[in-house]
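Letters A, B, ... mirror the listed sequences (proteins, then strands); counts begin at 1.
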Amino acid sequence: MSRRYTPLQSTFFEGDAEEVAQDLLGHSLVSITDGARCVGRIVETEAYPGPHDPASHAAASIGRTARNDPMFGRPATAYIHLNYGIHWCLNVVTGAEGFPAAVLIRSLEPLEGLAEMRRRRGGAGAGAGAGRPDRDLCSGPAKLTQALGIGPAMQRHRLNEPPLFIARGKQVPGDAVVRATRVGISRGAEKELRFYDGRSPCVSRKAL
DNA sequence: GAAACGATTATCT
DNA sequence: GATAATCGTTTCA
């Protein structure tokens, strides 16, 4: 557990959201909160490439609002939004400053700090009688934020430095990456902008 | 000032 | 695998 994690440089996030979303698979999300370090391998992402995407919070029809303002920020900036009123979701801003694009991190494969993750998620136990399998700790956008202690305090935090950053990891081979449609949205659902590691059991939703 | 929606999760069958 | 519940933000009058 003394392994050193090297944050990805901000240049990594300067590219297209769609491209970054694929490249992120296999890298690790590291969170150091309350003196505990939690690490998870990124196995599922979704791209929100820009204003032309009707599903984006920064769609052209919506414009710039107080909520999506962080998406217009610099690359590697954290955009944390609340959906369904109760779930926090972590996005990484991509592209040039002033251009609203981001990658939603949907699922992680727990690597470190499992005890802490489980403790944070505490009483909530998905799968009533089945207990809490490791794969369910971070298998969802809101699950991973809760497990890693990510909240509104991290809004606009830059993800290339502690206490919350993305560390370089082993990249997922191209042939293992599955491309699929995004989940839980009504508009722009046709586009296949979701990517995940087909080998991982921690993916929230398989392809249709 | 009030109503509707949502990038989901939790729970049971 | 399928269904109900949940709360803040956004949007409209």
Side-chain angles (χ1 to χ4, degrees), chain A residues 16-18 20-22 24-25 29 40 42-73 77-95 100-110 117-156 159 178-196 201-208:
Chain A
D16 226 40
E18 184 173 344
V20 174
Q22 289 183 69
L24 274 176
L25 294 176
L29 180 64
I42 298 172
V43 294
E44 186 179 5
T45 60
E46 276 183 14
Y48 291 85
H52 56 82
D53 176 17
S56 173
H57 280 173
S61 59
I62 299 175
R64 172 176 160 273
T65 68
R67 178 166 72 149
N68 61 34
D69 184 64
M71 288 182 75
F72 290 79
T77 298
Y79 167 46
I80 299 173
H81 74 87
L82 189 64
N83 79 321
Y84 286 80
I86 51 179
H87 302 301
W88 293 105
C89 297
L90 175 64
N91 300 251
V92 188
V93 176
T94 65
V103 174
L104 168 68
I105 299 178
R106 286 189 58 87
S107 304
L108 299 178
E109 188 178 306
M117 293 179 185
R118 195 163 300 173
R119 185 173 186 77
R120 284 205 186 91
R121 308 207 51 223
R132 341 170 181 77
D134 291 353
R135 49 167 253 180
D136 282 351
L137 285 174
C138 303
S139 60
K143 293 181 184 179
L144 72 90
T145 55
Q146 185 176 16
L148 298 198
I150 298 171
M154 292 298 176
Q155 187 69 280
R156 286 189 179 184
L159 293 174
V178 179
R179 184 193 62 201
T181 56
R182 289 176 292 184
V183 177
I185 58 179
S186 50
R187 294 187 183 182
E190 299 175 352
K191 303 201 172 188
E192 297 185 322
L193 291 174
R194 182 164 68 101
F195 305 93
Y196 64 88
C202 300
V203 176
S204 62
R205 202 72 181 162
K206 288 184 179 179
L208 299 176

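- Within the model, atoms OG1 of A:Thr145 and CD1 of A:Ile105 stand 10.5 Å from one another, a figure rounded to the nearest 0.5 Å.
- For A:Arg106 and B:dT8, the shortest distance from a side-chain N or O to OP1 or OP2 is below 4.0 Å.
- Using a 4.5 Å cut-off on side-chain heavy atoms (C-beta onward), A:Tyr196 and A:Val178 make contact.
- The stretch residues 50-59 of chain A has no heavy atom under 4.0 Å from DNA chain C, so no residue of it qualifies as close.
- For the pair A:Arg182 CZ and B:dG6 P, the interatomic distance rounds to 14 Å; values are reported in whole Å.
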Contact string for nucleotides 7-13 of chain C, one letter per nucleotide 5' to 3', B = base within protein heavy-atom range under 4.0 Å, S = sugar-phosphate only, - = neither, reads BSSSS--

Dot-bracket for DNA chain C: what is it, with Watson-Crick or G-U pairs under 3.5 Å, [ ] where a pair crosses earlier ones, and | for a pair to another strand? |||||.||||||.

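- When distances are taken from the side chain of A:Lys143 to each of B:dA10, B:dT8, B:dA7, the shortest belongs to B:dA10.
- Here, B:dA7 and C:dC12 have their P atoms 16 Å apart, quoted to the whole Å.
- Shortest non-hydrogen contact noted between A:Cys202 and A:Ser139 is O-CB, 3.3 Å.
- Taking 4.5 Å as the limit, some side-chain heavy atom of A:Val103 sits within range of a side-chain heavy atom of A:Leu24.
- Partners of A:Asp53 according to the side-chain hydrogen bond (donor to acceptor under 3.5 Å, both in side chains) rule, which considers only residues two or more places apart in sequence or in another chain, are A:Arg182.
- At distances below 3.5 Å, not a single donor-acceptor pair connects side-chain atoms of A:Glu18 with backbone N or O atoms of A:Ala47.
- In this structure, A:Leu144 atom CG and B:dT8 atom P are separated by 12 Å, rounded to whole Å.
- For the side chain to side chain contact (heavy atoms under 4.5 Å, CB included) with A:Arg106, the lone residue among A:Leu144, A:Thr45, A:Val203, A:Val183 that qualifies is A:Val183.
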Please list, one pair per line, the donor and acceptor atoms closer than 3.5 Å that link side chains of residues 82-93 of chain A to other protein atoms, with sequence neighbours excluded.
{"unit_1": "A:Asn91", "atom_1": "ND2", "unit_2": "A:Tyr79", "atom_2": "O", "d": "3.1"}

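- C:dT9 and B:dA10: their C1' atoms are spaced 22 Å apart (whole Å).
- Under a 3.5 Å cut-off, the side chain of A:Arg194 and the backbone N or O of A:Thr181 do form a donor-acceptor pair.
- Between the side chain of A:Arg120 and the backbone N or O of A:Ala147 there is at least one donor-acceptor pair closer than 3.5 Å.
- Look at CD on A:Glu46: it is 14 Å from C1' on B:dG6, rounded to the nearest Å.
- If you take CD of A:Gln146 and P of C:dT6, they are 17 Å apart, rounded to a whole angstrom.
- Between A:Asn91 atom CG and B:dA7 atom C1' the separation is 8 Å, expressed in whole Å.
- A search for side-chain contact (heavy atoms from CB on, under 4.5 Å) contacts involving A:Ala58 returns A:Ser56, A:Asn68, A:Met71, A:Phe72, A:Pro100, not counting sequence neighbours.
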